[in-house]
Amino acid sequence: MTVFAAADQPTLEDFGSDVWWIVLIKIVGIFGVLVMMTLFAIVFERKVVARMQQRIGPNRVGPRGYLQSLADGLKLAFKEDIMPALADKPVYFLAPVIATIPAFLAFSVIPLGPTVSIFGERTPLQLIDSPIGVLIVLACSAMGVYGIVLGGWASGSTYPLLGSLRSAAQMISYEIAMGLSIVAVFLYAGSMSTSEIVAAQADGTELSLFGLEFTGPSWFAVLLPVSFVIYVIAVVGETNRAPFDLPEAESELVGGFHTEYSSLKFALFFLAEYINIVTVSALAATLFLGGWRAPWPISIWDGANTGWWPLLWFFAKVVVALFVFVWLRGTLPRLRYDQFMSFGWKVLVPVGLVWILVVATLRAVARETDVDAGEMAVFVGVPIALVLLGGLLLASRMRNRDTRVAAREAAAGGPAPAEPQVLDARGRDRAAGGFPVPPMDLVVPPSPRLRGRESVGAGTVVGTGRRSSSTTPEETDDV
C-alpha cells in the first residue's frame with residue numbers, strides 16, 4: 001500500500017442502499033454542518049479582516065466574541081419585516097427561498113469521508129452520489145441565480161433590479177469558466193462522480209528522474225494548475241464575493257439586489273451566500289486537494305484515511321479555502337464592472353478552452369505511447385501550465401505598463417495622469433459622476449398582479465410615514 005492509499009473507499013455501488021434512519025441522520029447532519037459552518041465563517045471573516053486591518057474584531061458577545069454571528073442571526077429574526085408597497089408579494093416572498101434551497105442541495109454530493117460504521121451500519125460519509133455528481137453541484141449553483149433575479153425584480157425598485165441583472169450576467173459568465181476548469185479533472189479522473197474523483201487522487205504518481213524512483217503528487221491542484229487557478233477565480237466571481245461583489249456595490253447600487261429586504265428574508269439571502277462559499281470550498285477540496293484524504297506527511301500514518309479522521313482533514317481544507325476568500329476581500333479593491341466582465345470572457349474562457357485541448361492531447365499521447373499519465377502531467381503538462389500562466393502575467397503587466405509609469409511619475413512629483421473619458425450610450429461624458437453610472441431613467445417592469453389595482457400617485461411617498469407632496473394650503477400653513 002502506498003502512502004496515499006486508503007481503505008474503505010466508497011464506490012457508486014455503496015449508495016442507494018442505506019436504511020431510512022441513516023438517510024435521515026445524514027440529511028440532518030448536512031443541514032447542521034452547513035448552518036454551523038455559516039456561523040463559523042461569519043466570525044472567522046470578521047476576525048481575520050480585523051487582524052489584517054489592525055483593529056479589534058468582535059469581542060463582546062460570548063467568549064472572545066465567538067457568538068457574534070449567532071447574535072446577528074437572532075437580531076435579523078426579530079427585526080421588523082417590511083414589504084415595499086409596489087412589490088410583487090408572492091415572488092418577493094419566494095425569491096430568498098429559491099436562492100437558499102439549491103445552496104443546501106448542492107452539498108448532498110460532497111464526500112466527507114470513507115465508509116464508516118454508524119450504530120452498526122456501514123455507510124459512506126456522503127448523502128448520495130451519481131455518475132454525474134459534479135454536474136449536480138453546477139445545476140444547483142445555476143438555480144440560485146433565479147432567486148437573486150426574482151428578488152431584484154419583485155422589489156419594484158430600480159437599484160435592486162440593476163443589482164440582480166449584474167448578478168445574473170456575472171454568475172452565468174463565470175460559471176462557464178468554472179465548468180471549463182473542471183473538464184480537465186474529468187479527463188484525468190475518468191469520471192464525474194465526486195467519490196471516484198477523490199479515489200483518483202488516492203495514489204501518488206510513480207516518477208523516475210535520472211534513475212531516481214520517487215512518488216510524485218496526486219492532487220489535481222498540482223497536476224492541473226491552470227484548472228485550479230481558473231476555478232479559484234471563477235468561484236469568487238460566481239459567489240459575488242469581493243473583489244467581484246459588483247451586484248452589491250454600495251457605492252453604485254445602495255445595497256444591490258437585496259436592498260428592499262429585511263428580517264428573515266434578508267437573512268436567507270445572507271445564509272445562501274455563505275453556504276455557497278462553503279460549498280464551492282468543499283468542491284475545491286474534492287476536485288483539486290484530494291478530498292477527505294490526509295495530506296502528506298500525515299498520510300504516512302496508516303490510520304489517517306480510515307474511520308472518522310478524514311472529517312478533520314476535509315474541514316481543514318475547507319477552512320483554508322475560506323481563508324482565501326477572506327484574504328481576497330481584505331486585500332484587493334473592487335474591480336470596475338466592464339473590466340470584470342471582459343476578464344471573464346476574454347481571458348478565463350479562452351484560456352480554459354486552450355487548456356482543455358492541451359490536457360486532452362497529453363492524455364491521448366500518453367495512451368498511444370504507453371507512457372504513464374502521471375509522468376506526462378508532471379514532466380510535460382506542468383511546464384506548459386507554468387508557461388501559460390507566466391504568459392498571462394506578462395501580458396497583464398504589458399497592458400498596464402502605461403498606467404504604472406504614469407502613477408510612478410505622479411508619485412515622484414510629475415503631472416497626474418489624466419482620467420479616461422467615459423461616455424454613456426448617448427455620447428455624454430460620465431467622468432464627473434464616476435463609473436459606472438446606472439441610467440437614471442430605468443423603469444422596473446410592472447408586475448402583472450398590480451394591474452387593476454389602484455395606482456400609487458406620482459407625488460406620494462410610499463412606506464415612509466411622511467405626508468404626500470400634494471398637501472392642501474391649510475396643511476402647509478400648519479407646518
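If you're wondering where the values come from, they're calculated on a predicted model, not measured in any experiment. When a residue number appears, it is its place in the shown sequence, counting from 1. Note that these values count all heavy atoms, side chains included, but never hydrogens, waters or copies made by symmetry.
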W301 and W309 aromatic ring geometry - parallel, tilted or perpendicular at 30°/60° bounds = perpendicular
Can you measure from CZ (F288) to CG (L283) and round to the nearest 0.5 angstrom?
-> 8.0 Å
How many angstroms lie between CD in E196 and CD in Q9, if you round to the nearest 0.5 Å?
-> 8.5 Å
Which residues satisfy the side-chain contact (heavy atoms from CB on, under 4.5 Å) test with D129, sequence neighbours excluded?
-> L12, F15, Q126, S193, T194, S195
Nearest atoms (heavy-atom pairs only) where A95 meets Y261 = CB-OH, 3.7 Å
Any idea how F314 and F107 line up, ring-wise: parallel (<30°), tilted (30 to 60°), or perpendicular (>60°)?
-> perpendicular
Enter the distance from I172:CD1 to S167:OG here, rounded to the nearest 0.5 Å.
-> 9.5 Å
Mind running side-chain contact (heavy atoms from CB on, under 4.5 Å) on F325 and V236 for me, showing each step along the way?
-> CA-CA 7 Å; F325 277 97; V236 175; 3.9 Å; yes
Would a 4.5 Å heavy-atom cut-off, applied to side chains only, mark W292 and L311 as touching?
-> no
Closest approach of A199 and R293, non-hydrogen atoms and distance?
-> CA-NH2, 4.0 Å
Aromatic F44 / basic R51 pairing, under 6.0 angstrom, 45° off normal | no
Please assess F228 against F220 for the test ring-ring contact (aromatic ring centres under 6.0 Å, His included), listing each intermediate value before the final yes or no.
-> CA-CA 8 Å; F228 182 61; F220 289 144; over 10 Å; no
Looking only at atom types and distance, does a side-chain atom of Q201 sit under 3.5 Å from a main-chain N or O of T286, one as donor and one as acceptor?
-> yes
Please tell me if the side chains of F40 and Y274 come closer than 4.5 Å, counting only heavy atoms from C-beta onward.
-> no
In short, L335 meets F340 closest at the heavy-atom pair CD2-CA, 4.1 Å
Indicate whether the side chain of N240 and that of E273 have a donor and an acceptor atom separated by less than 3.5 Å.
-> no
Between the CE atom in M171 and the CD1 atom in I148, the distance rounded to the nearest 0.5 Å is 5.0 Å
Are L150 and L94 close enough that some pair of their side-chain heavy atoms sits under 4.5 Å apart?
-> no
Audit row: T123, T115, side-chain contact (heavy atoms from CB on, under 4.5 Å) steps and yes/no | CA-CA 5 Å; T123 181; T115 301; 5.8 Å; no
Measure across M52 and G330 and return the closest heavy-atom pair with its distance rounded to 0.1 Å.
-> SD-CA, 4.3 Å
Side-chain (K26) to main-chain (P124) donor-acceptor, under 3.5 angstrom | yes
At what distance, to the nearest 0.5 angstrom, does CG of L34 lie from CG of L39?
-> 11.0 Å
Main-chain N/O of A294 paired with N305 side-chain donor or acceptor, under 3.5 Å | yes
Which residues satisfy the side chain to side chain donor-acceptor pair (under 3.5 Å) test with E13, sequence neighbours excluded?
-> T11
Does the side chain of R241 reach to within under 4.5 Å of the side chain of I277, using non-hydrogen atoms?
-> yes
Is a side-chain donor-acceptor pair under 3.5 Å present for S155 with E260?
-> no
Find the distance between OG1 (T38) and CE (M36) and round it off to the nearest 0.5 Å.
-> 10.0 Å
Note, L125 side chain near P310 side chain (heavy atom, < 4.5 Å) = no
F186 CZ: over 12 foreign heavy atoms closer than 6.0 Å = yes
May I ask you to decide if P58's main-chain N or O and K47's side chain share a donor-acceptor pair within less than 3.5 Å?
-> yes
Check V145 against A142 and note the closest heavy-atom contact, atom names and distance.
-> CG1-O, 3.0 Å
Name each donor-acceptor pair under 3.5 Å that joins a side chain in residues 175-185 to protein atoms two or more places apart or in another chain, with its distance.
unit_1 : atom_1 : unit_2 : atom_2 : d
E175   : OE2    : S141   : OG     : 3.2
S181   : OG     : M178   : O      : 2.6

Residues S218 and L223: closest non-hydrogen pair is O-CD1, 4.0 Å
For W153 and S164, does a side-chain donor sit closer than 3.5 Å to a side-chain acceptor?
-> no
Taking V280 as the fixed residue, which of V232, T239, V318 is the one that meets the side-chain contact (heavy atoms from CB on, under 4.5 Å) rule?
-> T239
Start with the C-alpha distance between I42 and F270, add both sets of side-chain angles, then the distance that settles side-chain contact (heavy atoms from CB on, under 4.5 Å), and finish with yes or no.
-> CA-CA 10 Å; I42 295 173; F270 200 64; 3.6 Å; yes
For side-chain contact (heavy atoms from CB on, under 4.5 Å), just list the numbers for I275 and F104, CA-CA rounded to whole Å, side-chain angles, deciding distance to a tenth of an Å, and then say yes or no.
-> CA-CA 7 Å; I275 290 179; F104 280 98; 3.3 Å; yes
